[in-house]
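All chains are named by letter (A, B, ...) in the order of the sequence lines, taking the proteins before the strands, and each is independently numbered beginning at 1.
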Number of protein chains: 2
Amino acid sequence: MADAPIPSRDPASARRGLRAGRTRAAILESAERLFAERGFSAARLEDVAEAVGIRRASLFYYFRDKAELYDAVLADVLGSLRERLASVLLGAGPLAERAEAAVSAWIDFVAARPAFARLLLREVADGSPAHEPPLARHVRPFFELVGRVLAEPGDPLARAAPVDPVNLASVIAGSTVFFVAAMPTLLPGLHFDPLQPERIEAHRREVLGIARRLLGSGES
Amino acid sequence: MADAPIPSRDPASARRGLRAGRTRAAILESAERLFAERGFSAARLEDVAEAVGIRRASLFYYFRDKAELYDAVLADVLGSLRERLASVLLGAGPLAERAEAAVSAWIDFVAARPAFARLLLREVADGSPAHEPPLARHVRPFFELVGRVLAEPGDPLARAAPVDPVNLASVIAGSTVFFVAAMPTLLPGLHFDPLQPERIEAHRREVLGIARRLLGSGES
DNA sequence: GTCTATAGAGAGATAGAC
DNA sequence: GTCTATCTCTCTATAGAC
């Protein structure tokens, strides 16, 4: 995993000492990778601690229990994503352009932080209408954001396209996440790397085409 | 889960008594649901046994251990899928029509057996190029099947479309699986049911459009 | 803040009766 | 074939020293 270091966005970290803040960030980084690779149950706190270079018991100084650590990981990565998409969607310019920029930003985000793709796959698989997964809490504001943008008055696109934002988001999210996470898994022999620039660009073209059709803004 | 009962396709079941065969099939059915809902680690054999109406220890009469049970579940569902797709892809008629029929059959399969969607999401998330997941073993023959069909001589489509079968399959599989599994999870409030006929048909139209474009057989 | 030591629960797997 | 009883191991979480 060649991800850039993940800066802690927890506002409370300012109150903590510098060293403690670093340890906390390191725990989050390792935990993100391990939860993504193995899932919540199979990921062992022992391995998280070892990756950070501390003992297992020390983790409980920063997080009350495993579940709280997992929630923190999810909040961290989903917060980054929402921030990114919000700045693109709420910017200036025609809605159609902003929508495409958001799709592009989404793809870049997943490509830059591939552990997120696996986390998302697992969250989706874990959820059920009965037992609402933590993910749902984080996704709601995102859908509201998309809905707000699609409902913007005065834009031709908003009036012309009776888009179901749910449908739109799910197709885009699903194809990208699956593309990034499934290929190395399903084709262990081919050394297929979906993160290669050409692969990513081909995927981007494809997804943008889908988005344009769903948004009703023409075929090309 | 309102799936139809899953008939055991294990050829060895003919050698077993009728009652034992039924128990084995019931175990596979419950295990499929629980592995799908909770994943390999979090799914408890206790719950599988309870769903079947037997005791945990009795499971080990049919399967040596948890891993073997999981493998059997995967073999069962992936075997059904491959059978289905093979009969469509290897049939008569122009390649373009068979390809579309296969996409349609894929969507019907996932819709009829939604637990499979979650199993697939988890398998993808579990895998890594290093530790090849069981899924890869089952998927290989499927890719070979697709490759064989795409390489058929004499068909105009086969010559006109330099399709990467990997890319094609991943986009189709990813969007469908995500569509079916993610929506009830991500929108617990809306009571969104992706298996509703209209929803499925909308998804089918969309995916067929994607497939046509990837196969180079026109925009509509 | 980080450690060692340990408690305690959960779940997979086995032994052997019926 | 299915059961009860039990073993064993793994992993989370706590207690308390430094």
Which word best sums up how the rings of F116(B) and W106(B) line up, parallel for under 30°, tilted for 30 to 60°, or perpendicular for over 60°?
->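 Perpendicular, since the angle between the ring planes exceeds 60°.
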For DNA chain C, which residues in residues 58-66 of chain B have a heavy atom at a distance below 4.0 Å?
->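 Contacting residues: F60(B), D65(B), K66(B).
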Give me the residues of residues 45-56 of chain B where at least one heavy atom lies under 4.0 Å from an atom of DNA chain C, by number, or none.
->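 Result for residues 45-56 of chain B: L45(B), R56(B), sorted by number.
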Would you mind classifying the nucleic acid contact of A43(B) as base, sugar-phosphate or nothing, using non-hydrogen atoms under 4.0 angstrom?
-> sugar-phosphate
Do E50(B) and R55(B) sit within salt-bridge range, that is, some charged N less than 4.0 Å from a carboxylate O?
->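 Between R55(B) and E50(B) there is no salt bridge, as every charged N stays at least 4.0 Å from the carboxylate O atoms.
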Would you call D47(B) and R56(B) a salt bridge, using N to O less than 4.0 angstrom?
-> no
Roughly how many Å is it from [atom1] in [X] to [atom2] in [N], rounded to a whole number?
X      : N       : atom1 : atom2 : result
R44(A) : dA13(D) : CZ    : P     : 15 Å
L34(B) : dA11(C) : CG    : P     : 13 Å
E68(B) : dG12(C) : CD    : P     : 15 Å

Minimum heavy-atom distance between A181(A) and R118(A), given as atom pair plus value = CB-CG, 4.4 Å
Taking all atoms of both residues into account, what is the closest heavy-atom pair of A111(A) and P114(A), and its distance?
->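 Closest pair (atom of A111(A), atom of P114(A), distance): O-CD, 3.7 Å.
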Not counting sequence neighbours, which residues clear side chain to side chain donor-acceptor pair (under 3.5 Å) with R64(B)? List them please.
-> E68(B)
Chi angles and distances behind the side-chain contact (heavy atoms from CB on, under 4.5 Å) call for R113(A), L81(A) = CA-CA 10 Å; R113(A) 208 162 164 177; L81(A) 173 61; over 6 Å; no
Run the numbers on Y70(A) and F35(A) for ring-ring contact (aromatic ring centres under 6.0 Å, His included), then give the verdict.
-> CA-CA 8 Å; Y70(A) 183 78; F35(A) 281 137; 5.0 Å; yes
Closer to the 5' end of DNA chain D via nearest nucleotide, is it A42(A) or A57(A)?
-> A42(A)
Are OP1 or OP2 of dG1(C) and a side-chain N or O of T23(A) less than 4.0 angstrom apart?
-> no
